[in-house]
Amino acid sequence: MPKIKYYLVNADILPEVYSKVIKAKSLIASGEAVSASQAVKMAGISRSAYYKYKDAIFEYHGEDSDETATINAMLKDNAGVLSSLMNELYKAGANVLSVNQSVPVNSVASVSVTIRVMDMTLSMQELLENIKRVDGVNSVDIGG
């Protein structure tokens, strides 16, 4: 099997069909389109163009890697604590990407929340201070 070559290319120089394929894939992934047929109509391309390129073109999100942070916290095993933590993230304008929580041990659970920080209205330090004040949060810090 031959090795596949990849190139990182400025989208502005590519034929418009490529950006429309990306748009169609995005419409399907977001649920705005329920089928490929609907997505290609919305994106303004043919089904054959979509199927020709869909497995060969991908949107590059490498610049997003420095726009995320992981918050680690130890939470008391009380109803609503995780919800209150999430509310603080919402109020700060953080976009939650993933949440991982352990099973509580000795009435304490560890939680790791990865967020996109680029649209936050607070600094990371202010956010951490607000989370520390949540009833039931034993500790909180930024993970690596």
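Throughout, residue positions are numbered sequentially from 1 according to the sequence presented. No experiment lies behind these values; they were computed from the predicted model shown.
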Nearest 0.5 angstrom please: Tyr18 OH to Ile45 CD1, how far?
12.0 Å

Using the salt bridge (charged side-chain N to carboxylate O under 4.0 Å, His left out) rule, collect all pairs that involve residues 25-36, keeping only residues at least two apart or in two chains.
none

Do Val117 and Leu128 sit in one hydrophobic cluster, given that two such residues count as connected whenever their side-chain heavy atoms are within less than 4.5 Å of each other, even indirectly?
yes

From Gln125 CD over to Asn130 CG, what is the distance, rounded to the nearest 0.5 angstrom?
10.5 Å

Closest non-hydrogen atoms of Ser46 and Ala49, given as atom of the first, atom of the second and distance, are OG-N, 3.1 Å

Mark yes when over 12 heavy atoms from residues, nucleotides or ligands other than Phe58 sit less than 6.0 Å from its CZ; otherwise mark no.
yes

Min side-chain heavy-atom separation Asn95-Met118 under 4.5 Å
no

If you group Ile, Leu, Val, Met, Phe, Trp and Tyr by side-chain heavy-atom gaps below 4.5 Å, do Met124 and Tyr90 land in one group?
no

Side chain proximity check, Val9 to Leu14, heavy atoms < 4.5 angstrom
yes

Are Thr68 and Leu97 close enough that some pair of their side-chain heavy atoms sits under 4.5 Å apart?
yes

Identify the heavy atoms of Val40 and Arg47 that sit nearest to each other, and give their distance.
CG2-CG, 3.6 Å

Nearest 0.5 Å please: distance from the CD atom of Glu126 over to the CD atom of Glu129.
9.5 Å

For Ser35 and Ser37, which I'm curious about, is there any donor-acceptor pair between the side chains at under 3.5 Å?
no

Value for CE (Met86) from NZ (Lys91), rounded to nearest 0.5 Å, stands at 14.5 Å

So if you build clusters from Ile, Leu, Val, Met, Phe, Trp, Tyr with side-chain heavy-atom gaps below 4.5 Å, do Leu27 and Tyr53 land together?
no

Joint hydrophobic cluster, Val103 plus Met74, side-chain heavy atoms closer than 4.5 Å
no

According to a hydrophobic-cluster definition based on side-chain heavy atoms being under 4.5 Å apart (Ile, Leu, Val, Met, Phe, Trp, Tyr only), do Val134 and Leu122 belong together?
no

From Ser112 OG over to Ile71 CD1, what is the distance, rounded to the nearest 0.5 angstrom?
9.0 Å

Okay, side chain of Thr121, backbone of Ala92: is any donor-acceptor separation there less than 3.5 Å?
yes

Side-chain donor/acceptor of Gln38 to backbone N/O of Val34, under 3.5 Å
yes

Using a 3.5 Å distance criterion without hydrogens, assess whether the side chain of Thr70 forms a donor-acceptor pair with backbone atoms of Val113.
no

With side chains defined as the heavy atoms from C-beta onward, is the minimum distance between Leu85 and Glu88 less than 4.5 Å?
no

Donor-acceptor check, side chain of Ser84 to backbone of Gly80, threshold 3.5 angstrom: yes or no?
yes

Counting only N and O atoms by type, is there a donor-acceptor contact under 3.5 Å from the side chain of Asn106 to the main-chain atoms of Val108?
no

On a heavy-atom basis, the closest approach of Ser102 and Ala109 is O-CB, 3.5 Å

Using a 4.5 Å cut-off on heavy atoms from C-beta on, say whether the side chain of Leu89 contacts that of Ile131.
yes

Side chain to side chain, Leu127 and Ile115, heavy atoms closer than 4.5 Å
yes

Under the side-chain contact (heavy atoms from CB on, under 4.5 Å) test, residues paired with Ser19 that sit two or more places apart:
Glu16

So, using side-chain hydrogen bond (donor to acceptor under 3.5 Å, both in side chains) as the criterion, who are the partners of Ser83 when residues are at least two apart?
none

For the residue pair Lys132 and Val137, establish whether any side-chain heavy-atom pair is separated by less than 4.5 Å.
no

Quick one, Leu75 and Asn138 - any side-chain contact, counting heavy atoms below 4.5 Å?
no

d(Ser107 OG, Asn78 CG) to nearest 0.5 Å is 8.0 Å

